[in-house]
Amino acid sequence: MNYISNGEREESPAALVKRLNLPFNDLLLLTRALTHRSFINEHPAALEDNERLEFLGDAVLDFVAGAWLYNHFPEMDEGELTRMRSALVCTEQLAEFARIIDLGAAMRLGNGEEQAGGRQRDVLLCATFEALIGALYLQNDINIVQGFFHAMIENVGEQFLLRSDLQDPKSRLQEWSQAQTWHSTVCYSASQRSGPRPEV
């Protein structure tokens, strides 16, 4: 029985599958997804680390996040969709998703990384979450990944969408002006133009 630095029992891959009801038959694949390279450095006989799965999971997450945004915001332009997708799959947000499912307890870390608080580090939580997504994709298919990740997005959806940093400055100015007592709409006019003139 292994214990992690806060005295809690380290969660096995099998226990993680049961707790989250994950469709995994291949526990070796899941174990690899949970294994940081610091663990391999201290246990040379162990399976390979999760870096290749992290690479795959990153690509899969870009797709499923983009598809969710595309379908939920049909009026949103490409620039806004790109900004929203970047925010959904950034290190901090993926680490937050990992915390929501308590993925840190199942991570396989070397002693040094463990003592340094690796289970709480955004970078490691994000990487492990991406590796989990990569393994989930290999074990099943894109539909299973979409079901899993879309449910997580919808769980945090309203709070996420209200984040002011997701809006461009022009949109924030419009919202601010409409919230004032005069309820006016901002009007824009060009005060100066520069650059090459369009050809006639």
Side-chain angles (χ1 to χ4, degrees), residues 1-22 24 27-62 64-65 68 83-139 145 147-166:
M1 181 186 303
N2 295 324
Y3 288 86
I4 54 183
S5 55
N6 63 6
E8 296 291 324
R9 184 176 177 183
E10 182 179 338
E11 188 171 35
S12 69
L16 181 70
V17 163
K18 185 173 181 181
R19 178 169 62 83
L20 297 180
N21 195 27
L22 295 172
F24 269 102
L27 287 182
L28 289 179
L29 179 63
L30 178 58
T31 300
R32 181 159 44 113
L34 299 170
T35 303
H36 185 253
R37 68 180 171 205
S38 63
F39 186 88
I40 299 294
N41 292 340
E42 295 177 14
H43 304 85
L47 294 168
E48 64 181 295
D49 64 42
N50 62 8
E51 290 181 0
R52 283 174 53 81
L53 286 171
E54 176 191 347
F55 166 80
L56 178 61
D58 176 61
V60 172
L61 281 167
D62 266 352
V64 295
W68 185 86
R83 182 169 24 256
M84 294 279 281
R85 182 183 61 190
S86 295
L88 265 178
V89 298
C90 74
T91 297
E92 295 76 17
Q93 185 58 56
L94 293 183
E96 188 55 34
F97 287 138
R99 287 187 181 95
I100 288 170
I101 62 173
D102 195 21
L103 191 57
M107 288 164 55
R108 303 175 80 209
L109 303 176
N111 290 327
E113 196 62 65
E114 177 74 63
Q115 296 304 315
R119 292 181 194 280
Q120 297 305 317
R121 288 178 53 206
D122 281 1
V123 172
L124 294 192
L125 286 167
C126 169
T128 307
F129 186 81
E130 287 174 332
L132 173 65
I133 293 296
L136 196 59
Y137 171 73
L138 288 178
Q139 175 75 89
V145 176
F148 177 75
F149 189 59
H150 290 180
M152 298 197 77
I153 297 174
E154 286 162 10
N155 244 3
V156 301
E158 190 172 333
Q159 293 174 334
F160 176 80
L161 295 173
L162 290 175
R163 280 173 44 188
S164 61
D165 60 314
L166 296 182

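None of these values were measured; they are calculated from a predicted model.
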Please output the side-chain donor-acceptor pairs of residues 49-60 that fall under 3.5 Å, not counting sequence neighbours, one pair per line with the distance.
residue, atom, partner, partner atom, Å
Asp49, OD1, Glu51, N, 3.0
Asn50, ND2, Ala33, O, 3.0
Glu51, OE2, Arg37, NH1, 3.0

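Note: Cys126 SG to Arg121 CZ = 11.5 Å, rounded to the nearest 0.5 Å. Rounding to the nearest 0.5 angstrom, the gap separating the CZ atom in Arg19 from the CD atom in Glu11 is 4.0 Å. Expressed to the nearest 0.5 Å, how far CD of Gln120 lies from CG of Leu125 amounts to 6.5 Å. Distance check: Thr35 OG1 to Leu28 CG gives 10.0 Å after rounding to the nearest 0.5 Å. Note that OG1 of Thr128 is 11.0 Å distant from CG of Leu94, once rounded to the nearest 0.5 Å. Atom CD of Glu42 sits about 12.0 Å away from atom CZ of Arg108, to the nearest 0.5 Å.
Proximity of Leu124 to Leu109: side-chain heavy atoms (C-beta onward) are separated by under 4.5 Å at one or more points. Side-chain contact between Leu132 and Phe24 is present, with heavy atoms from C-beta onward closer than 4.5 Å.
Within a 6.0 Å sphere centred on CZ of Phe97, heavy atoms belonging to other residues, nucleotides or ligands number more than 12.
Contact between Ala106 and Leu16 at its shortest, heavy atoms only, is CB-CD2, 4.1 Å. Summarising the geometry of Ala87 relative to Cys90, their closest heavy-atom pair is O-SG, 3.4 Å, with the distance given to 0.1 Å. Nearest heavy-atom pair across Ser38 and Glu113 is OG-CB, 3.5 Å. Nearest approach of Leu29 to Ala135, heavy atoms of both residues: CD2-O, 3.5 Å.
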Evaluate the side chain to side chain contact (heavy atoms under 4.5 Å, CB included) criterion for residues Ile101 and Met152: first the C-alpha distance (whole Å), next the side-chain angles of each, then the deciding distance (0.1 Å), finally the verdict. CA-CA 9 Å; Ile101 62 173; Met152 298 197 77; 3.7 Å; yes
Walk me through whether Val64 and Leu61 qualify under side chain to side chain contact (heavy atoms under 4.5 Å, CB included). CA-CA 5 Å; Val64 295; Leu61 281 167; 4.3 Å; yes
Would Phe39 and Met107 satisfy side chain to side chain contact (heavy atoms under 4.5 Å, CB included), going step by step from the backbone distance to the final call? CA-CA 10 Å; Phe39 186 88; Met107 288 164 55; over 6 Å; no
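Between Asp102 and Arg119 there is no salt bridge, since none of the side-chain N atoms of the basic residue sits less than 4.0 Å from a carboxylate O of the acidic one.
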